[in-house]
Amino acid sequence: PILQRQTLAVQVYEYLKTAILLDQLKPGERLNEVEIAKRLGVSPTPVREAINNLKGDGIVVSSPGQGCCVREFGVRDISNLFELRFALERLGLEQGIPLLESRDIETLKRIQHDYEEAYDTDPVDRPMASDEVDQL
């Protein structure tokens, strides 16, 4: 296997991204470059670069006079993401279905059957229906 060296900025980016995804850095939380650099034992430069990349990804936002903080996603943002996901999945299906062969269809039927069995037999791990969520 070929090993690739990652720059400090890439490592800091991955660290911060993971911390955000794991909710260790909360929505709205301010990102202090100096504190992060000290915690990670690096200079502020790779931290600044990582934060700029996170801003480019839309995960971090900057406010004049407030610095950078973890983006807070509202209901509208989440709704837009689901609409985008739906559109991409639909496009994928439209493009992919004509390429399916009979063995692919059999595999999909088996997966669906296995999922339905698991859904029926294990209520703990199955997804909740919307009416069940409303009752919580």
Side-chain angles (χ1 to χ4, degrees):
I2 298 174
L3 298 178
Q4 295 180 358
R5 290 182 165 210
Q6 290 186 327
T7 65
L8 282 177
V10 170
Q11 292 177 61
V12 173
Y13 169 88
E14 291 298 332
Y15 172 85
L16 292 174
K17 183 177 168 184
T18 299
I20 292 167
L21 292 173
L22 295 177
D23 209 31
Q24 295 166 345
L25 291 171
K26 308 282 186 207
E29 186 171 339
R30 189 171 179 275
L31 300 177
N32 183 310
E33 291 177 13
V34 175
E35 287 177 16
I36 294 168
K38 283 181 185 176
R39 186 174 351 138
L40 298 178
V42 299
S43 74
T45 302
V47 175
R48 188 174 309 112
E49 188 177 331
I51 289 173
N52 283 332
N53 289 334
L54 290 166
K55 284 189 335 191
D57 292 344
I59 299 170
V60 168
V61 293
S62 61
S63 303
Q66 301 234 333
C68 295
C69 62
V70 178
R71 180 176 177 183
E72 297 182 72
F73 288 92
V75 173
R76 184 80 162 139
D77 297 318
I78 294 169
S79 175
N80 289 341
L81 288 173
F82 275 105
E83 287 179 31
L84 177 61
R85 180 178 175 177
F86 176 76
L88 290 172
E89 288 177 357
R90 181 180 176 149
L91 179 63
L93 287 170
E94 289 171 353
Q95 298 292 314
I97 286 176
L99 304 175
L100 291 176
E101 297 178 5
S102 60
R103 67 181 172 169
D104 299 321
I105 294 171
E106 290 307 315
T107 300
L108 289 172
K109 285 180 181 178
R110 189 176 75 260
I111 291 170
Q112 179 183 3
H113 178 265
D114 292 348
Y115 177 80
E116 288 172 353
E117 269 190 6
Y119 184 89
D120 290 339
T121 59
D122 193 354
V124 173
D125 289 334
R126 70 177 168 83
M128 285 191 213
S130 61
D131 60 328
E132 293 175 306
V133 173
D134 293 339
Q135 294 173 6
L136 294 179

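In this text, all values refer to a predicted model and were calculated from it rather than measured experimentally.
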S.K.: Can you tell me how far OG of S102 sits from CG of D104, rounded to the nearest 0.5 angstrom?
M.R.: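 Rounded to the nearest 0.5 Å, the CG-OG separation comes out at 7.5 Å.
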S.K.: Before accepting this row, confirm whether a basic side-chain N of the pair E94/R90 lies closer than 4.0 Å to the acidic partner's carboxylate O.
M.R.: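 Yes.
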S.K.: Give the minimum heavy-atom separation between C68 and I51, together with the two atoms involved.
M.R.: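 Minimum heavy-atom separation between C68 and I51: SG-CG2, 3.8 Å.
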S.K.: Nearest 0.5 Å, please: how far is CD in E29 from CD in E72?
M.R.: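 Result: 11.0 Å between the selected atoms.
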S.K.: Output the distance between atom CG (L81) and atom CZ (F73), rounded to the nearest 0.5 Å.
M.R.: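 Rounded to the nearest 0.5 Å, the CG-CZ separation comes to 6.5 Å.
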S.K.: Just verifying a value: how many Å separate L88 CG and L93 CG, rounded to the nearest 0.5 Å?
M.R.: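 That separation rounds to 11.0 Å.
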S.K.: Between V10 and I36, is there a shared hydrophobic cluster once you connect ILVMFWY residues whose side-chain heavy atoms come closer than 4.5 Å?
M.R.: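 In one cluster with V10: I36, no.
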S.K.: Using the side chain to side chain contact (heavy atoms under 4.5 Å, CB included) rule, pick out the option among V61, I20, D23 that qualifies with V70.
M.R.: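 With V70 as partner, V61, I20, D23 yield a single side chain to side chain contact (heavy atoms under 4.5 Å, CB included), made by I20.
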S.K.: Honestly curious: do L25 and V42 fall in one hydrophobic cluster under the side-chain, below-4.5 Å linking rule?
M.R.: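 Result: yes, single cluster for both.
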S.K.: Evaluate whether atom CD of Q66 has more than 12 neighbouring non-hydrogen atoms of other residues, nucleotides or ligands under 6.0 angstrom away.
M.R.: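 Atom CD in Q66 is not packed in, count stays at 12 or less.
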S.K.: Any donor-acceptor pair under 3.5 Å linking the side chain of T107 with the backbone of R103?
M.R.: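 A pair under 3.5 Å: yes.
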S.K.: With rounding to the nearest 0.5 angstrom, report the CG to CG distance, L40 to L16.
M.R.: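 Taking CG in L40 and CG in L16, the distance rounds to 7.0 Å.
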S.K.: Can you tell me if D77 uses its side chain to pair, donor with acceptor, with the backbone of G74 under 3.5 Å?
M.R.: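 Pair found, side chain donor or acceptor close to backbone of G74.
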S.K.: Looking at every non-hydrogen atom in both residues, tell me the closest pair between A50 and A9 and how far apart they are.
M.R.: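 Distance-wise, the nearest heavy atoms are CB-O, 3.6 Å.
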S.K.: With the side chain counted from C-beta on, respond yes when I59 and R71 share a heavy-atom pair under 4.5 Å apart, and no when they do not.
M.R.: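 Not in contact.
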S.K.: Would you give the length of the straight line joining atom CZ of R48 to atom OG of S43, rounded to the nearest 0.5 angstrom?
M.R.: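 Interatomic distance, R48 CZ to S43 OG, rounded to 0.5 Å: 8.0 Å.
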